[in-house]
Amino acid sequence: MPSLEDELFPSTPGKVKIERAHAINRQFHRCFASTSTMFLWALFLIALTASYLSFQSFMDTSTKYFTASWGGIQWEKQVRTSAQPTRRPDGARAGGRMSVLVTGAAGFVGSHVSIALKKRGDGVVGLDNFNNYYDPSLKKARKAMLNDHGVFVVEGDVNDARLLAKLFDIVAFTHVMHLAAQAGVRYAMENPSSYVHSNVAGLVTLMEACKSANPQPAVVWASSSSVYGLNENVPFSEDDRTDQPASLYAATKKAGEEITHTYNHIYGLSITGLRFFTVYGPWGRPDMAYFSFTRNILQGKPITVYRGKDRVDLARDFTYIDDIVKGCLGSLDTAGKSTGSGGKKRGPAPYRIFNLGNTSPVTVPTLVGILERYLKVKAKKNIVEMPGNGDVPFTHANITHAAQELGYKPTTDLQTGLKKFVRWYLLYYGYHHGKSVN
Ligand SMILES: O=C(O)[C@H]1O[C@H](OP(=O)(O)OP(=O)(O)OC[C@H]2O[C@@H](n3ccc(=O)[nH]c3=O)[C@H](O)[C@@H]2O)[C@H](O)[C@@H](O)[C@@H]1O
């Protein structure tokens, strides 16, 4: 029996080498066996994960395909029919017949412009993403109204290049009225990326689609009075500085003016930018002051009235929707053709910018006074100093250029316009809308 010593110090050193070699060999095999098992398991797991992921993506794609709100023979037929001008040739105006793609068609300005175009016989296809920046049910109600007027609204986003290409494939749009945007001056502090997404990225995607379309459409789009920012020349003229925006919203609209300029310069797109001045009226935007004041006054809730430095009242060149619609139609009628084809410029194309305002600013407290009179309710006012939220103290449009070139002539003062708005509001929501009834 080998002693402990023998075991530790064997007399034949070679023997131990062999034995050790065998042991190492066995261990190696065991180890190799377990590594290869592990390897096989790992392979199996990778394969399992990969097939799960591809199944997931297949499901995603098919779900997208089957639930996509656009596409299909019936859908294409609706687009074509809606785009068809209905005016008889003898009723055609100088500008000829139009097929207009209106983006933001379920929005405030978009719905009014679409209906006005359709009423006079132009073909209109609407596009809207129905986002929830404000109550989407109001947008759905506008869509129903558009439908009643024969305007089909495609549910989709201007960032969807495939959808845009499809639309231009189906219809040779003569014009694009681009009104889809992230609006609102103060909301830009809460959700800055939504402004970049819609007003910059979305605009570029749309411009790409327009420049590639054959024929290229003429583009009229909504810029904003906010581009004047800290400008102090009164009234604001298109020739004034616009490089001092006071909000990110204004900055994205100014960026839009520069972006559209490059598409005009490189690709020959006919571009008209419209600087809207605080547009209001029936079917308006619930986020705007005249609308939210009306709601709060009726509900007995307080309203916040901002005041400028040295207790100076803020003022806006409030512009009634019907006047804005006339300015939009005048812009489409006088747009002039894009000159490019196949993505190449063939000659210079028009690049225009117009103020569309009312030329008579009214202070915010005066606006509140008019609403109180029509609603027959006294407002509970919290007057606070204007916070540094992107607001500007006043706006005032010089509309000489628009008058000369578009025949633009606003005819509705704030009193008249608000009367129409309040009448609509009460019809739509009722006098007791949102009031708690005890
Ligand atoms: O002209 C424009 O380009 C812009 O007009 C409006 O922006 P804004 O003039 O700020 O319109 P409102 O939000 O309705 O505000 C009107 C006035 O009421 C004031 N206000 C607003 C909200 C509030 O709670 N209290 C208040 O005193 C604002 O400071 C402002 O002086 C629109 O919201 C923008 O989308 C548009 O681009």
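As the structure lists them, so they are numbered: ligands from 1, and atoms in each ligand from 1. Heads up: numbering here begins at 1 and tracks the sequence.
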- Tyr280 to ligand 1, any heavy atom closer than 4.0 Å: no
- Message: Below the 3.5 angstrom mark, is there an N/O of Ala183, backbone or side chain, next to an N/O of ligand 1?
- Response: no
- Verify whether one side chain among Thr363 and Asp313 offers a donor that lies under 3.5 Å from an acceptor in the other. no
- Is it the case that Lys380 and Asn296 place a side-chain donor and acceptor less than 3.5 Å from each other? no
- Message: Can you confirm, on distance only, whether ligand 1 has an N/O atom lying under 3.5 Å from any N/O atom belonging to Phe318?
- Response: no
- Atoms in ligand 1 with a heavy atom of Val305 nearer than 4.0 Å: 27 (O)
- Message: Heavy-atom distances under 4.0 Å decide this one: backbone, side chain, both or neither, for Met386 against ligand 1?
- Response: neither
- Item | Top protein contact for atom 8 (P) of ligand 1, by heavy-atom distance | Arg316 NE, 3.8 Å
- Query: Should you measure from each heavy atom of Phe277, which atoms of ligand 1 turn up under 4.0 Å away?
  - Reply: 1 (O)
- Message: Give me the residue, atom name and distance of the protein heavy atom closest to atom 36 (C) of ligand 1.
- Response: Tyr249 OH, 3.7 Å
- Within reach of ligand 1, part of Val364 (heavy-atom separation under 4.0 Å): side chain
- Query: Would you say Glu238 and Tyr228 make side-chain contact, with heavy atoms under 4.5 Å?
  - Reply: yes
- For ligand 1, which atoms, with element, lie under 4.0 Å from some heavy atom of Ser226? 3 (O)
- Please examine the side chains of Tyr195 and Lys253, heavy atoms only from C-beta on, and report whether any two atoms are closer than 4.5 Å. no
- Message: Is it the case that the side chain of Asn159 and the backbone of His197 share a donor-acceptor pair, with hydrogens and angles ignored and the cut-off at 3.5 Å?
- Response: yes
- Find all atoms of ligand 1 within a distance of less than 4.0 Å from any non-hydrogen atom belonging to Ser224, and give their numbers and elements. 2 (C), 3 (O), 37 (O)
- Task: Identify whether the distance between the nearest side-chain nitrogen and carboxylate oxygen of Asp243 and Lys254 falls below 4.0 Å.
- Result: no
- Which protein non-hydrogen atom lies closest to atom 23 (C) of ligand 1, naming both residue and atom, and how far is it? Thr304 O, 3.4 Å
- So, do Phe173 and Val125 sit near enough that their side-chain heavy atoms are less than 4.5 Å apart? yes
- Looking at atom 11 (O) of ligand 1, what's its closest protein heavy atom, distance included? Thr278 CG2, 3.7 Å
- Item | Given Asp391, Asn389, Asp287, the one that forms side-chain hydrogen bond (donor to acceptor under 3.5 Å, both in side chains) with Arg186 | Asp391
- Task: Side-chain contact test, heavy atoms from C-beta onward, threshold under 4.5 Å: evaluate it for Pro85 versus Ser99 and give yes or no.
- Result: yes
- Message: Considering non-hydrogen atoms of the protein only, which is the closest contact for atom 33 (O) of ligand 1, and what is the distance?
- Response: Arg285 NH2, 2.9 Å
- Task: Evaluate the ring planes of His261 and Tyr351, with Trp represented by its six-membered ring, and classify them as parallel (under 30°), tilted (30 to 60°) or perpendicular (over 60°).
- Result: perpendicular
- So which protein heavy atom does atom 2 (C) of ligand 1 come closest to, and at what separation? Ser225 OG, 3.2 Å
- Could you tell me the residue and atom name of the protein heavy atom closest to atom 10 (O) of ligand 1, and the distance to it rounded to 0.1 Å? Arg186 NH1, 3.6 Å
- Message: Distance under 4.0 Å to a non-hydrogen atom of Phe276: what atoms of ligand 1 satisfy this?
- Response: 1 (O), 2 (C), 3 (O)
- Message: Only heavy atoms of Val185, strictly under 4.0 Å: list the atoms of ligand 1 that pass.
- Response: 7 (O), 10 (O)
- Give the residue and atom name of whichever protein heavy atom lies nearest to atom 29 (O) of ligand 1, and the separation in Å to one decimal. Asp391 OD2, 2.6 Å
- Do Arg275 and Thr242 have side-chain heavy atoms sitting under 4.5 Å apart? yes
- Message: Between Arg352 and Thr272, is there a side-chain donor-acceptor contact under 3.5 Å, judged purely by atom types and distance?
- Response: yes
- Query: What atoms of ligand 1 come within less than 4.0 Å of a heavy atom belonging to Leu314?
  - Reply: 29 (O), 31 (O)
- Task: May I ask you to decide whether Arg241 forms a salt bridge with Glu232, counting only side-chain N to carboxylate O separations under 4.0 Å?
- Result: no
- Query: Would you say ligand 1 has an N or O under 3.5 Å from any N or O of Met288?
  - Reply: no
